[in-house]
Asker: 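Below you will find the structure I want to go over with you.
The sequence lines fix the lettering, A, B, ..., with proteins before strands; numbering per chain opens at 1. Note that the coordinates shown come from a computational prediction; the quantities given were computed from them, not determined experimentally.
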Amino acid sequence: MGVEAIDRRSFLRVSAALGGGLALEIAVPGRAMAAAATPAELSAYVTIAADGVITITGKNPEIGQGIKTALAMLIAEELDADWARVRVVQADYDPARYPDQFAGGSLATPRNYLPMRQAGAAVRQMLLQAAATRGAVPLAELTTEPGLVVHAPSHRRWTYGELAAAAAHLPLPDPTRVPLKDPRKFRIVGTPQVGVDSAKVLRGEPLFGIDTRQPGQLYAVFESAPAHGGRLKSCDASAAEKAPGVVAVIPLKEAGGAYALVDGVAVVATNYWYAESARTLLKLEWDLSAAKGHSSEAYAAAAKALLDKGAGTSLRKDGDAQARLATASKVVSARYAYPFLAHAPLEPQNCTALYRDGALELWVPSQVPRQAVGMIETRLGIPAARITAHMTRIGGGFGRRLDNNFAVEAAAIAKALPGRPIQLIYSRADDLKRDFYRAAGWHAFQAGLDSGGRLTALTCHAVTFGTDGKPNRACEMDANNFPAGLLADLAYQQSLLPTTIPTGPLRAPRSNAHAWAFQSFLDEVALAAGKDLPQLMLELCAEDRIVGDHSDPAKALSAFSTTRARGVIQRVLADSRWASRPRSGPRALGFGFYFCHYGYFAEVADVTVEVGDYRVNQVWVAGDVGSQLVNPLGAEAQVRGAVIDGLAQAAAQAITFADGAPQQSGFDGFLLGRISATPPIAISWVPSPNPPTGLGEPALPPVIPALTNAIFAASGRRIRSLPIRA
Amino acid sequence: MPEMTAISLTVNGQARTLTATPDMPLLWALRQELGLAGPKFGCGAGLCGACTVQIDGQPARACQMPVGAVGTARITTIEGLQRDPLFERLRAAWLEIDVMQCGYCQAGQLLSAHALLKATPQPDAAQIDGAMEGNICRCATYPRIRAAIAKVAKEAGHGR
Ligand code: FES
Ligand code: FES
């Protein structure tokens, strides 16, 4: 998985706050993605004011995963704060203070769980100490209640606000040694807490990037080539320039390609509508020769040829799978294919930018603003030191806003119109066109069974996209895909196709496709062996094993535990009454399991197949994300959202290309899940003595094979190509 | 080519005037000429419901309604519903059940839910789905949208 360095050391700094309170800086070790350990980075900033109000400044962008609420809950819990008096605010992008402002990869919870608690506990100790001095009483006689230090023998109490200034001057205790609460005594963490900004959203307050309004603001659209890889040959803007409300038409030159800036023409007007209307009057000539042949059908044909030829680059070779297959009593073979997908967050990409006196100010809904700023520096030559970025609330991420082409485009437009704030807004067609798609992929599997019906060998050859022998962004196949490490004879190979289509991570990257291909094929294998998939999974996981490097603490969480896998599998089988499921008729159950982003999820779908279509009656989910759910309301919402997302993806989503041009331009062609297709979703948590991990992603992958395996059980139709309703 | 002209609207009970081409969708007039942030842009094609407002109490897609065609009809956005008793009940249920994730679709969802319960105070499950089908939630908060609407309906039933 290429991750994970969760170092438990963190550091704190306490100082006196303006106005007589206490200020606390919490730093946790840096980006887990980095190869080497990076220094601790400021993660949160806490102040206790003299009036007792506690303000927690969260540094990470909020994309709807509830991180702002969850991290504040951890600090407040150990601080024994009064949650009603805790304010949570969003930090601006500020690399000098917060070098790693990032949302993605379900990493925030595992990285922050312990450091945030330790920070809260350390400050609580200081408040206790300050009260001991003030009241001239022994420390041991003091306790805390929400927001108060209490001396029970003398019935005296001090508010945190009263003590904060004095506490700020005390030595900071070693945060790794301060006593932490017994999680059974938690009264904030593990209890349902409503998202901290919800009330504002329901008042219609301008919180999102697209709601940014600056004095004199203009609105821009950016017309790029109809096909990926197209170049602008000529631009006649005379009609567009005369259209109502238009202020400027600005051709922009490619700089850095799809991930930064492509050729195109910006139309800037006093209202988005005028910009969007005038865009249709542009007379543009494109050179689309580089995009020629980059079509979904051509990719499928090329992938088929590669799979027919066999032999890709070896990703993993355990034992001798070929020899085993040659002597197997039964060989099962099948191929699977899945399409490109768009992210389509509901808030279209947008960014507001003001360029003035060589400095750039941005209001940017990004999952990783650091990358936006770096790209603007490299591609547009505006020094990072002269860029200020404000982080706005974000109307959905799903990985799309890890790439920041929209910010570079906005900056380029602003740079051409100094002194005028401009807001670039993507139409939905722009959003589906200038996306970084989940890559399409093709898999050929073979499995060998011995005479006793035991799985003895497995091979998988995956075709994905790459350049110069390296997979493109978020395209690579994971060499640890289950059942790697549990089977003596196993081989995974990969072949690469060239492409002009930009790819990127989509919620549960790679896993969202691989889970389906592998678990569908293993369902076929199980049936060929006269059993069912859960039975095969439990056999493969029968021994207590940890696959991967668990001695290295940096990698321990991404190692696969058969024990934890069995835990969720058995739980979902019990919940769904799998053993007594219907064996014939149009209604059936299907199963899927996957481990990714440190989370173990087993899911069962109950499906009825009727006249050429199907309906999902219910989904059961069993998940193991460690010992503790920080915010159960948020956790369930993430799981339900992931399941519904997965069902919608599998049902009907695809972006197809014809000569580099996407064929879907709106929500009529790219179909998102709607309320009527939403089944009841029952969730069971299987706690295990492991550090708590995140939930934005791992519940999604297994629901897709659960669905398609159920369709097979109900109808005999094996879905080997997505989407189902192609 | 359409010309800019002065247009009068009744928005959240107030008379407002703006200068725009009559073909401008109401959504862009509300958001960028009149400074309201509640109605959101999601698709511009009547397919997602993020822009839902009420026109004379009926839910409508503001991205599909030319501002020149609104005339004297009363436009209500989430900003204008804040003191409405039914909206207050919906908001309370929404917060208690913690419906929202990213929140971007939520104003549209509430406008549709409010119109539903105004017309049908005790909707059954199919009526709830039917009324909410046009409002996409990309974060898929649908189970809690159903639960919050059902809760408000149930409380109203008890109150009778
Ligand atoms: S923006 Fe109006 S329906 Fe989508
Ligand atoms: S809450 Fe994110 S789109 Fe509905």
Asker: Looking at B:D129 and A:R674, does any basic side-chain N land under 4.0 Å from a carboxylate oxygen?
Answerer: no
Asker: Can you say whether B:D23 sits under 4.5 Å from chain A via the side chain, the backbone, both, or neither, judging by heavy atoms?
Answerer: both
Asker: Can you measure from CE (B:M132) to OG1 (A:T678) and round to the nearest 0.5 angstrom?
Answerer: 11.5 Å
Asker: With only heavy atoms counted, which part of A:Y272 is less than 4.5 Å from chain B, the side chain, the backbone, both or neither?
Answerer: both
Asker: For the side chain of B:Q82 and the backbone of A:L202, is there at least one donor-acceptor N/O pair under 3.5 Å apart?
Answerer: yes
Asker: Quick one, A:E636 and B:R144 - any side-chain contact, counting heavy atoms below 4.5 Å?
Answerer: yes
Asker: Quick one: does A:R428's side chain have a donor or acceptor within less than 3.5 Å of a partner on B:G44's backbone?
Answerer: no
Asker: For B:L110, is it the side chain, the backbone, both or neither that has a heavy atom under 4.5 Å from a heavy atom of chain A?
Answerer: side chain
Asker: Out of the candidates A:L346, A:N350, A:I210, only one should pair with B:F41 under the side chain to side chain contact (heavy atoms under 4.5 Å, CB included) rule; please name it.
Answerer: A:I210
Asker: Do B:M4 and A:Y274 have side-chain heavy atoms sitting under 4.5 Å apart?
Answerer: yes
Asker: Side chain, backbone, both or neither: which part of A:A648 has a heavy atom under 4.5 Å from chain B?
Answerer: neither
Asker: Which region of A:R213, side chain (C-beta onward) or backbone (N, CA, C, O), has a non-hydrogen atom less than 4.5 Å from a non-hydrogen atom of chain B, or is it both or neither?
Answerer: side chain
Asker: Given the options A:G641, A:P679, A:G666, A:S277, which has more heavy-atom pairs under 4.5 Å with chain B than any of the others?
Answerer: A:G641
Asker: If you count heavy-atom pairs within less than 4.5 Å of chain A, which of B:A140, B:C137, B:G38 leads?
Answerer: B:A140
Asker: Could you grab the distance from atom CG of B:L18 to atom CG of A:N271, nearest 0.5 Å is fine?
Answerer: 9.5 Å
Asker: Is it the backbone or the side chain of B:E133 that comes under 4.5 Å from a heavy atom of chain A, or both, or neither?
Answerer: both
Asker: Side chains of B:Y104 and A:P348, heavy atoms from C-beta outward: is any pair under 4.5 Å?
Answerer: yes
Asker: Could you check if a side-chain atom of A:D211 sits within less than 4.5 angstrom of a side-chain atom of B:K40, using non-hydrogen atoms only?
Answerer: yes
Asker: Shortest non-hydrogen contact from B:P2 to A:P244?
Answerer: O-CG, 3.3 Å
Asker: Below 4.5 Å from any heavy atom of chain A, which atoms of B:I145 appear? Answer side chain, backbone, both or neither.
Answerer: side chain
Asker: Taking all heavy atoms of B:G42 and all of A:F667, pick out the closest pair and write down the distance.
Answerer: O-CE1, 3.8 Å
Asker: At a 4.5 Å cut-off on heavy atoms, which part of A:F670 comes close to chain B: side chain, backbone, both, or neither?
Answerer: neither
Asker: Are the side chain of B:Y142 and the backbone of A:A677 linked by a donor-acceptor contact shorter than 3.5 Å?
Answerer: no
Asker: Measure B:T21 against the heavy atoms of chain A and call it side chain, backbone, both or neither at under 4.5 Å.
Answerer: both
Asker: What distance separates A:E276 CD from B:M24 CE, expressed to the nearest 0.5 Å?
Answerer: 12.0 Å
Asker: On a heavy-atom basis, which atom in A:S198 and which in B:D98 lie closest, and how many Å separate them?
Answerer: OG-OD1, 4.0 Å
Asker: List the steps and the verdict of side-chain contact (heavy atoms from CB on, under 4.5 Å) for B:R138 and A:E347.
Answerer: CA-CA 9 Å; B:R138 177 68 179 87; A:E347 179 187 15; over 6 Å; no
Asker: The test is side-chain contact (heavy atoms from CB on, under 4.5 Å); show your working for A:R640 and B:T141 and say whether it passes.
Answerer: CA-CA 8 Å; A:R640 293 216 168 83; B:T141 60; over 6 Å; no
Asker: Which pair of non-hydrogen atoms, one from A:I644 and one from B:P143, has the smallest distance, and what is that distance?
Answerer: CD1-CD, 3.7 Å
Asker: Using 0.5 Å steps for rounding, measure from the SG atom of B:C105 to the CG atom of A:L672.
Answerer: 11.5 Å
Asker: Which region of A:P206, side chain (C-beta onward) or backbone (N, CA, C, O), has a non-hydrogen atom less than 4.5 Å from a non-hydrogen atom of chain B, or is it both or neither?
Answerer: both
Asker: B:A20 versus chain A, heavy atoms under 4.5 Å apart: side chain, backbone, both or neither?
Answerer: both
Asker: Rounded to the nearest 0.5 Å, what separates atom SG in B:C43 from atom CG in A:L432?
Answerer: 10.5 Å
Asker: Taking all non-hydrogen atoms of both residues into account, name the closest pair between B:M1 and A:K242 and its distance.
Answerer: SD-O, 4.2 Å
Asker: Closest heavy-atom contact between A:I425 and B:W28?
Answerer: CD1-CZ3, 4.3 Å
